[in-house]
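Inspection log for the structure reproduced underneath, given as structure tokens.
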Amino acid sequence: VQLQASGGGLVQAGGSLRLSCAASGSIFSIHDMGWYRQAPGKQRELVASITNGGIPKYVDSVKGRFTISRDNAKNTVYLQMNSLKPEDTANYYCNADLGADVGSGYVRGHYWGQGTLVTVSS
């Protein structure tokens, strides 16, 4: 199983970016998907998550600015980030709670994508 994240970059304050994360492999089902971020010297925090049924949750600091969505047919989760602020600068990681065939049978667990760097300049 692999999670491939993309979409990070450098943007000015007030700008927008869209992150994508696609899961691939012998996947049977994907439950919650989410985006975490980790800024230098800080702990990783959950930014947004979305259930299989499309119910989102957000950390207070991004409510009204970020929108999480998913395409279950493509095993992909998105994070639309608008009105970006310098404090949003971080490595962003996608996460999926999924069940897959890992060779020895069905295993359910949390899988991580590689980080994608978002830098917001003031």
Side-chain angles (χ1 to χ4, degrees):
V1 174
Q2 285 191 328
L3 271 64
Q4 182 69 44
S6 61
L10 173 64
V11 64
Q12 288 189 330
S16 298
L17 284 173
R18 188 189 194 213
L19 306 183
S20 299
C21 177
S24 61
S26 300
I27 296 170
F28 289 106
S29 59
I30 303 180
H31 308 280
D32 289 2
M33 302 184 82
W35 288 95
Y36 290 71
R37 67 186 178 187
Q38 186 167 21
K42 294 189 176 182
Q43 289 189 329
R44 189 174 295 190
E45 66 169 348
L46 176 62
V47 175
S49 64
I50 186 167
T51 68
N52 179 274
I55 299 174
K57 287 185 179 179
Y58 302 95
V59 68
D60 285 347
S61 60
V62 308
K63 285 180 180 177
R65 301 188 298 121
F66 290 10
T67 301
I68 190 170
S69 61
R70 63 191 285 173
D71 184 333
N72 289 335
K74 296 181 178 180
N75 290 341
T76 299
V77 63
Y78 306 95
L79 187 67
Q80 177 67 44
M81 304 184 293
N82 298 329
S83 302
L84 281 160
K85 303 176 181 180
E87 51 263 44
D88 294 318
T89 295
N91 266 307
Y92 284 70
Y93 300 88
C94 59
N95 177 275
D97 174 7
L98 61 84
D101 181 356
V102 297
S104 56
Y106 175 88
V107 174
R108 178 172 173 176
H110 284 266
Y111 292 81
W112 292 91
Q114 88 288 5
T116 185
L117 181 62
V118 172
T119 304
V120 184
S121 62
S122 57

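To the nearest 0.5 angstrom, R70 atom CZ is 8.5 Å from N75 atom CG. For the atom pair NZ of K57 and CD1 of I50, the computed distance is 12.0 Å after rounding to the nearest 0.5 Å. For the atom pair NZ (K85) and OG (S122), the distance works out to 14.0 Å, reported to the nearest 0.5 Å. Atoms OH and CG, on Y78 and D71 in that order, are 5.0 Å from each other to the nearest 0.5 Å. Taking CG from L10 and CG from L17, the interatomic distance works out to 8.5 Å, rounded to the nearest 0.5 Å.
Residues L3 and A23 share a closest heavy-atom pair of CD1-CB, 3.9 Å. Contact record, L98 with H31: CA-CD2, 4.2 Å, taken as the closest heavy-atom pair. Residue A90 comes nearest to L117 through the heavy atom pair O-CD1, 3.6 Å, listed as atom of the first residue, atom of the second, then distance.
Every pair passing disulfide (SG to SG under 2.5 Å) that includes a residue from residues 11-112 is listed here, sequence neighbours excluded: C21-C94. Sorted by first and then second residue, the side chain to side chain donor-acceptor pair (under 3.5 Å) pairs involving residues 14-27 (not counting sequence neighbours) are S16-N82. Counting only residues at least two apart or on different chains, the ring pair (Phe, Tyr, Trp, His ring centres under 6.0 Å) pairs with a member in residues 85-107 are F28-Y106.
There is a path of hydrophobic side-chain contacts, each under 4.5 Å, that joins I30 to L79. I27 and V107 end up in the same hydrophobic cluster when Ile, Leu, Val, Met, Phe, Trp and Tyr side chains are linked at under 4.5 Å. Y36 and V120 sit in two unconnected hydrophobic clusters of ILVMFWY residues. Membership requires side-chain heavy atoms under 4.5 Å apart, directly or through other members.
A donor-acceptor pair is defined here as one N or O able to donate and one able to accept, closer than 3.5 Å; no such pair exists between the side chain of R108 and the backbone of S29. A donor-acceptor pair under 3.5 Å links the side-chain atoms of Q114 to the main chain of A5, judged by distance alone.
Remark: D32 engages no residue in a side chain to side chain donor-acceptor pair (under 3.5 Å) (not counting sequence neighbours). Applying the ring pair (Phe, Tyr, Trp, His ring centres under 6.0 Å) test to Y111 and every residue at least two apart in sequence or in another chain returns nothing.
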Ignoring hydrogens and angles, write down the donor-acceptor pairs under 3.5 Å from the side chains of residues 59-66, residues two or more places apart or on other chains.
unit_1	atom_1	unit_2	atom_2	d
D60	OD1	K63	NZ	3.0
S61	OG	R37	NH2	3.4
R65	NH1	S83	O	2.9
R65	NH1	D88	OD2	2.7
R65	NH2	S61	O	2.9
R65	NH2	D88	OD1	3.0
R65	NH2	D88	OD2	3.4

